[in-house]
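What follows is a set of notes on a single structure, which appears directly below.
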2 protein chains.
Amino acid sequence: MRSANDEARPPENFVDASSPSTPVRSNLHQRIARDLGERIAAGDPVPGKVLPTEAELCARLAVSRSALREGFRLLAGKGLIASKRKVGTVVRPRTEWNMFDPDVLAWHLAAAPTDGFVTDLFEVRRIIEPWAAALAAQRAEAPTIARIAVAYEDMVRFQGRAEDLLEADLRFHETILEATGNAFLISFGALIESGLRASFKLSWSGSAHTPEYSLRRHRRVWETIRERKAQEAFALMSELLRSAIEDVHDALLSRRLAADEERGVFTDSVKDKGPSGQRQRESRERARQQPASKR
Amino acid sequence: MRSANDEARPPENFVDASSPSTPVRSNLHQRIARDLGERIAAGDPVPGKVLPTEAELCARLAVSRSALREGFRLLAGKGLIASKRKVGTVVRPRTEWNMFDPDVLAWHLAAAPTDGFVTDLFEVRRIIEPWAAALAAQRAEAPTIARIAVAYEDMVRFQGRAEDLLEADLRFHETILEATGNAFLISFGALIESGLRASFKLSWSGSAHTPEYSLRRHRRVWETIRERKAQEAFALMSELLRSAIEDVHDALLSRRLAADEERGVFTDSVKDKGPSGQRQRESRERARQQPASKR
DNA sequence: TCTCATCCTATTGTCCGACAAATAAACCGC
DNA sequence: GCGGTTTATTTGTCGGACAATAGGATGAGA
C-alpha cells in the first residue's frame, strides 16, 4: 500500500536547502516542520482548527509516524500547535506563537509577507537596536569593536556582490548586539538574520536609497560606538533603521504592484498609495492580513 | 533489565506541575525536555559537549527512545541542542539558544538565576515595555483599554493574595503589549509571564517598596494610556520597571546572603554590596555566571 | 615514520507495528 | 429530557529493526 506519491509531497526530488538556522542537508522531521510551519503561517489550517490526523498526514506526506511526530514537536515547541488525545492537533492562536523564533519568522515571511508584518518587525528593530547601539558604545570591548569595523569594511568591499554584502550587513548588526553582552539581545540577532535573509530572498536585493547612503550611515554608527558616544549611537542607529524600513516598504509595494498588474487587476486598492515612509501607521490595521503572494 | 531506578530519575512519584506554557498534566516528552532543559541551562553538559547517547539516556530516565527523541526535538527547536549521526547530541553554544523562548527562560531561572541574567532580562523589559506603553497610548482600542483598567483594579482588589496579584500584574503588562497590535510585542508578553512566574516562585513574593507604591505607578501608567499621552506613558512605564528591577535585585541579594550565611561562608565576595539599584552596570560582567542556588 | 585509503563500528535517522490512555461523542436506561 | 455508561477515535508511549552517516581504527604503501 501507499505506492508512490499522492499530492503536495516532496519526497526526494527537492533538495532545496532554503531555511535559516537549519543546515543544507536537513533531516526529514525538519523538512516536515518547515513544510507544515509555512503552511500554518500562511493560514492553511486557520488557528483553532485541527490538522489532519497523524495517520492521514503520514499517508499524505509519505513519512513514518515517528518522523511526523518529531516534526510536530518542533512546531509545538514554538507554540504553533498543540496536540490532545482524541481531539487531534490544533493550530494555536497566533498570539501564542513565539514570533521571536527565527524559524517562525522565516516561515511567516516565506508564506505571507504582508505589509503589516514587516512593519511590525521593523518596529521592534527600531525599538531594540538603537538601545543596543547605545549599550554597545558603553560596554563593547576593543576586539568586539574591531569586529564591527571589519564587518563595515566588508560591506564596503562587497558593495558589488549582493550576497556577500548581506552577510557583512548581518554581521555588522549582530556584532553590535553581541557587544551589549546581554544574552537576550544576542538572541535577537538570530531574528534579524532570519528576517533579513528571507526579505533578501524576497528580491529587494538593491534599495531605493543609493548604496553609498546606506554605507555612510553604517559608518557613522560604527564611529560613534568606537568613540563611546552612546546617545549619538542611539540616534544614528534609529536613523539607519528608518531608512531601511522605507526601502523594504518600497520593495513590497512595487512587488505587489507588479503582481496586481500581471494579474490584470488594477482596482482602487492600490491606486492611492503614497511614496512610502509615511502612511504605515494609519493603514497598518487594514494592511495587516493582506497576503501579497501566492497560495 | 532496567529494574527500578538509578539516579536523578523522577519516574512516577513527581506529579509536580511546575512549568510555564505547559499544562499541569504534561506529557512525557515535555517532562523530559524540561528535565534536560533545566540541566543544560544549569550547565551540566557544558556547551560544546555531547549528551549521553540516546540508548543510555533511555535507560537512565527509563523512557522509550521515541519519547526521548520527541523531547530532544523540543530542545532542538529552541536551539539548545543539535544531533548528528555518529557524533551524538551536542549542546549548542549559548549564543545560539533562543532566549526569547518562554521555556528556555523558565529553565534558566529555575536552574541558575544569576544576577547578570535577571539584569539582562529587566534591561530588555526596560527597552521594550516603555515603547509598548507609548504605542498602546497611541493605538489601543477602547475595549483593550478597558481590559487594562480591569487588570489594574484586580491588582488593587487582590493586594492581599500574592498569587492573584501576580496574575493581575501579568495581565496588566500583557494587555498593554497586546494593545500595540504588534505581533512581536505580543509574543514578548509570554516571555514576561514566564520570567515573572519563575521569579515569583523564587520567593520574592513581596517587595522592598510598599505595595501602594507599586500600585500607584501602575495606575498612572494606565491613566496616561487612557488619555493617549504617549510620551508620559513611556516615561512612567520606564519608572515602573526601574523600581521593579530594584525589588528583584534586593530579593536575589538577600537570597544569596541567606544562602551564604547558612553555609557559614562570609568572605569578601558579598560584604560590600550596596543597597542595590546602582552598581548593576559596573559589576555585571563578574556577576554574570555566578550561580546563586543549589546544584 | 608518515600518509592515505579502507574498513569497522558506534550513533542517530527513519520505519514499522502494537498497545495504553484519554476523551469526545454516541448511546441507553430512566 | 437527562445523567450515567459505553464506544470509538486519536494521540501517547513502547519496543524492535534496519539504514545512513561519519569518526576512528586499521593496514598498506611510500
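Hydrogens, waters and symmetry mates are skipped; everything else that's a heavy atom, side chains included, is used. Below, chains carry the letters A, B, ... as their sequence lines are ordered, and counting in each starts from 1.
- Residues meeting the side chain to side chain contact (heavy atoms under 4.5 Å, CB included) test with E178(A), sequence neighbours left out: R147(A), I186(A).
- Checked against side-chain hydrogen bond (donor to acceptor under 3.5 Å, both in side chains), R85(A) has no partners two or more places apart in sequence or in another chain.
- When distances run from any side-chain atom of L28(A) to the nucleotides dG13(C), dC15(C), dC14(D), the shortest one goes to dC15(C).
- Minimum atom distance to the side chain of S83(B) is reached by dT12(C), of the listed dT14(C), dT12(C), dT13(D).
- For the pair S64(A) and dT14(C), the criterion of a side-chain N or O lying under 4.0 Å from OP1 or OP2 is not met.
- Out of dT14(C), dG12(D), dC16(C), the shortest distance to the side chain of N27(A) is found at dT14(C).
- Remark: S83(B) engages T89(B) in a side-chain hydrogen bond (donor to acceptor under 3.5 Å, both in side chains) (not counting sequence neighbours).
- Nearest nucleotide to the K86(B) side chain, out of dT21(D), dG12(D), dC15(C): dT21(D).
- Mapped onto DNA chain C by nearest heavy atom, A55(B) and S66(B) fall at different nucleotides, with A55(B) at the one closer to the 5' end.
- Taking the six-membered ring where the residue is Trp, F188(B) and F100(B) present tilted rings, their angle falling between 30° and 60°.
- Residues from residues 69-77 of chain A placing a heavy atom under 4.0 Å of any atom in DNA chain D, listed by number, are R69(A), R73(A).
- In terms of the side-chain hydrogen bond (donor to acceptor under 3.5 Å, both in side chains) criterion, residue partners of R161(A) (sequence neighbours excluded) are, by chain and number, D164(A).
- OP1 or OP2 of dT13(D) has at least one side-chain nitrogen or oxygen of H29(B) nearer than 4.0 Å.
- Qualifying side-chain hydrogen bond (donor to acceptor under 3.5 Å, both in side chains) partners for N98(A), counting only residues two or more places apart in sequence or in other chains: none.
- Following rounding to the nearest Å, L68(B) (CG) and dT12(C) (P) show an atom-to-atom distance of 9 Å.
- Note on T53(B): only backbone sugar-phosphate atoms sit closer than 4.0 angstrom, heavy atoms only; bases stay farther off.
- The NZ-C1' distance, from K84(A) to dT23(C), rounds to 9 Å in whole Å.
- Of the candidate nucleotides dA20(C), dC15(C), dC14(D), dA20(C) has the atom nearest to the side chain of R85(A).
- Each of R65(A) and L51(B) was assigned the nucleotide of DNA chain C with the nearest heavy atom; the assignment lying further toward the 5' end belongs to L51(B).
- Using a 30° and 60° split on the angle between ring planes, F117(A) and H108(A) fall in the parallel class, below 30°.
- One interatomic measurement links the two molecules: CD of E54(B) to P of dT14(C), which rounds to 11 Å at whole-angstrom precision.
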